[in-house]
Each structure stands twice: as structure tokens, then as C-alpha cells.
Protein chains: 2
Amino acid sequence: MTQADDHPLSRPSSTTQRAVHDRIAHDLGVAIVGGRYQPGDILPGEERYSAEQGVSRTAYREAVRVLSAKGLVYSRTKSGTRITDRLRWNMLDLDVLAWMFEAGPTAEFLRDIFELRIVVEPAAAQFAALRRDGQDISRMGHALEEMRRFGLQTAEGRAADQSFHRLILHATRNESLITLATSVTAVVAWTTRFARDERKESRDPMPDHDAVFDAIMRGEGEEARLKMLALIRNASTDAGML
Amino acid sequence: MTQADDHPLSRPSSTTQRAVHDRIAHDLGVAIVGGRYQPGDILPGEERYSAEQGVSRTAYREAVRVLSAKGLVYSRTKSGTRITDRLRWNMLDLDVLAWMFEAGPTAEFLRDIFELRIVVEPAAAQFAALRRDGQDISRMGHALEEMRRFGLQTAEGRAADQSFHRLILHATRNESLITLATSVTAVVAWTTRFARDERKESRDPMPDHDAVFDAIMRGEGEEARLKMLALIRNASTDAGML
DNA sequence: ATGCCAATTTTCCTCATACCAATTATGGCA
DNA sequence: TGCCATAATTGGTATGAGGAAAATTGGCAT
């Protein structure tokens, strides 16, 4: 166990103090996607911000570079750093999505993502049915077993559920689809985390999952697509979305 | 004409010299997505790189922040800056896609994007059919007129074609879908730019476009989806993809 | 020889300062 | 009033100096 017990994906733990530039990027990012800055507005100048916030110009600049890389702002000498209009934002970037969520997601934002989910995940199931190999199948089967054993009330059960969906993505052999679905499912997870337990009784999720798995196992692409669509529709209505 | 004749989207013109950190990010980005660095490899240290390349540590660090924001690398003190594994890359970032294309896109990469196109654009047409208003319709109609008038051999005709597809996206009223489709169509445009003119004679694209427009105008979602699917299939086979 | 612990070194992170480049604003002149 | 040179502002780059954390090294005891 020489290295990398913590992955770079994991959000900085509460103990680890975040890098300064990272914190600045986070704060500005939340403020921007939250609408406290409007497209066309100019961010505070380097001199001013660093003085007011008690950080170095270096740290502020690196934060701006991050925001710029995600399409939220663009800098021009003398003109200053302006907020880009929303059409150029990298809406599917995991950080941007997280900031949106933290800023208090609008209903339109959530609707957009759940629509995207309905487009993407059934398509993923379809590709998975056409490209999966034996190992994919056995792993999916194992994930469903665990899910059935623990149920969605336990952490293990939810982990097995997520694992099942990740295995489907992996079986598509399409990296761009994986990237996209990762972002989408992250938002879905954040959303349903809060919606959970408020419902009186949730339906048994296993029949839907079994149907998807069965279609993928038999290599039936179109059927896998439709079964996944049904699964999402049920899950979404249960979570109060849709 | 006081400001902003050039949009931030436009690539820096040949006259404007790019910022140093931008050039570094570009060079490293191309090298990374091109496989000259493998996931797990460590980038040169700040001191070393800045000395060898004759740039400041500041510029190099800002470039690394950009790459980090796009998920290509991650930095840890002492451990150095390492290449992230591909699953965490922001494959749908416009810069990353451009770097992939510049590095010489692999066949799998192109296949992935065109598959994504087949998933996304028909879905966009479907949503557009359900949400478009009168202004959307009239603008789409105008774009098709222009396209018919000039043909795809001219720059104006191609601009009208792109405009038509952009208008469909706009009519979806779904920002995440717009972001996604923007990236996808960029890659498609880069690809077909080279494939053009090599074919002996391209089929007339207007019937397919008219059919999509007609379905959207009548508000027939499912039909719009199918017509767009047909349009893409024809265009892709003409371009030699698929 | 092996395993554990402390010191050292390496590398990224932050800050501060200086100067450069480009663009906007200003003010004078015709 | 309109144009043009000058000045001021703001982001961009370079450099030096420490600080913090992790990997390595070396010593010590078992």
C-alpha cells in the first residue's frame, strides 16, 4: 500500500485543508453559477481581490485560470476578467455541476439533467447489450446479488446499485459516454440523496434491474434500452422528480 | 463599436500572440491526450520545466491548473503532478476534444463521438419539437432557405446548415443538452471538413433537413427524432464514417 | 537481517515584488 | 468638434523566498 489510498476524485476531507487557489475557485465558481455575478460582469481586479481577501495575486490568478478552463470566465488585459455567457459554460463539468448544486439548483437545472439522463442511460444500456463480455455479465450479476441482499436502505446496497450502473457504462466501451454519464449520475445521486426516506414506501427496485440485466445478458440492445428507460422512469417518479 | 469584436470562443488569431500559460497548457494537453504521457506518469517539476522551456514557474503552474481543471492531471506535494487515468478526463471539454483531434484522433475516439451524436442529436430534435415557438420555426425556415440557395459547397451554405442545427438545440430549452451537443458537433465538423470533397458526388441534403424541420414544426417529437436519426445516418455514410 | 521510527530531502504551494504588454481613458491640439 | 499622442489601468510574466507535506534515507533496536 505504497501510494494513492485517496483518489483525486474524492473531495478534500474535512481534516485536509484545501489549497488556497482551490478554495478561491470554489467560492467564485459558486457565486458565478449561483447568479451573484451575471454574464458580462467583471470580476474584481487582481490587485483589489488579493488585497481584500488577504491572498496573493498568484493564488487568485490560478483560481481564475481554473474558472477560465471551465468556460465560466475569460480574461483580457485591461478589459478585466468577465463572466462568460451561460451557453459557453461547461455545464457537464463535475465541479461546475457541484457548484450549481451547492448554490441551490434551479428547477430548470434539475429538469435539464434528468432529461439528459433519460437520453443517456438507456442508450448506454443499449450499447452495453451489444458489447458486453462474460466478465461484464458476471460482475453485473454479482452487483445485483449484493443489491438484493442488502437493499437500498443500506450503504452497501446503494454501493452495489451504483456499481451495477457503472458496470453498464464500462460495458459500452465508449469513453465519451462514460464521461457524460458519470456527470449525470453524480447529479442524480446528489438529488436523490435528499429525496430519500421522505417517501412513505419505495417500490422494490429489483424487478426493473433484473429486466435490464436480463436484456443486456441476452444481447438485446433495443430491449435493454427500453427496460432501462422504464427503470429510470420508476426511480424518478419515486424520487419525486418527473 | 466599443468592445468585444472578437468573442472568446474564437481561437486566438494568428496575429495575436497567445498567452504563455495558454501555449504551455496546449502543448502539454496535446502531449497527454496524444499518449506521449501515460496515466500515472509524472510531469516535469516546476523548476525543471521552467528552466528547460525558458518560461517562468508562474506560467507553468497556471498551465497545470488548467489541465487539472479539465481532469487531465492532479498535483500532490512532493508526489509531483501526475497524469490522471482516462476515466476522469473531461472528454467532452472543447479544448480536450480539440487537443485529441490535433494529436491525431484514434478510430475509437471518432467512433465514440459519432455514437454520441446518434444518441444526442435525435433526442435534441425530439425536445425541440415539443418546445419550439414561432420564432424558432421562422428562423429554422430561414436557415433552410439559405442552405437551399447556396448549397453545402459554399461557406454560406455550410453556415446556414450549422445555424439550423444550432437553432434546434436552442429550441430544446435544455442548457446541458446544448453544451453537450456543441462539443459533439464541433468534432463532427472538424472530421467532415477533411472528408468533404473527396466523395465523387454527395447526396442532396435538403430532403432530410426538410423532413426534420417539418416534424419539428408540427410538434411531432417522435417523428422528429426518427427523421434526425435518418439525416445523421445519411450524412455519416456520405462522410465515410459509420 | 528485519521492522520501526526519526531526520532529511524533494516538490508543490503561497506570498511578495518588479516589470512588461495591451487597452482604455484622457487631454491637448488643429 | 474630431483626431491623435500621452498617460493610466489591468492582466501577464518573471523571480526569489519560505512553508508544508510526503517520500526517501538512515539509524536503531529487536
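Labels below follow one simple rule: chain letters A, B, ... track the order of the sequence lines, proteins then strands, and each chain is numbered from 1. Keep in mind it's a predicted model, so treat the numbers as computed, not measured.
- Between the OH atom of A/Tyr60 and the C1' atom of D/dG12 there is a distance of 14 Å, given to the nearest Å.
- Whole-Å rounding puts the A/Arg76 CZ to C/dA22 C1' distance at 10 Å.
- As rounded to whole Å, 13 Å separates atom P of D/dA22 from atom CZ of B/Arg82.
- Atom CD of B/Glu62 and atom C1' of C/dC12 are 15 Å apart (whole Å).
- With rounding to the nearest 0.5 angstrom, the OG atom of B/Ser183 is 7.5 Å from the CG atom of A/Leu92.
- Ring orientation note: the planes of A/His26 and A/Trp99 are nearly perpendicular, at an angle over 60° on the 30°/60° scale.
- Without hydrogens or angle criteria, A/Thr192 side chain to A/Val188 main chain gives a donor-acceptor distance under 3.5 Å.
- Looking at residues 38-59 of chain A, you'll see A/Gly45, A/Glu46, A/Arg57 sit with a heavy atom under 4.0 Å from some atom of DNA chain D.
- The side chain of B/Lys78 sits closest to C/dT11 out of C/dT11, D/dG11, C/dA22.
- Listed pair A/Arg61 / D/dG12 meets the phosphate criterion, a side-chain N or O lying under 4.0 Å from OP1 or OP2.
- Between the C1' atom of C/dA21 and the CZ atom of B/Arg18 lies a distance of 18 Å, rounded to the nearest Å.
- Summarising the geometry, atom OG belonging to A/Ser163 is positioned 8.5 Å from atom CD belonging to A/Glu146; distances are rounded to the nearest 0.5 Å.
- Considering only side-chain atoms of B/Ala19, the nucleotide from D/dA23, C/dA22, D/dT13 that sits closest is D/dT13.
- By the 4.0 Å N-to-carboxylate-O rule, B/Arg36 lies too far from B/Asp27 to be salt-bridged with it.
- Across the interface with DNA chain C, nearest-nucleotide mapping of B/Thr81 and A/Thr77 shows B/Thr81 to be the residue nearer the 5′ end.
- Remark: A/Glu52 engages A/Arg48 in a salt bridge, criterion side-chain N to carboxylate O under 4.0 Å.
- One finds a side-chain N or O of B/Arg65 lying less than 4.0 angstrom from the OP1 or OP2 phosphate oxygen of C/dC13.
- The shortest distance between side-chain heavy atoms of B/Ile168 and B/Met140 falls below 4.5 Å.
- A straight line from OH of B/Tyr74 to P of C/dC13 spans 13 Å, rounded to a whole angstrom.
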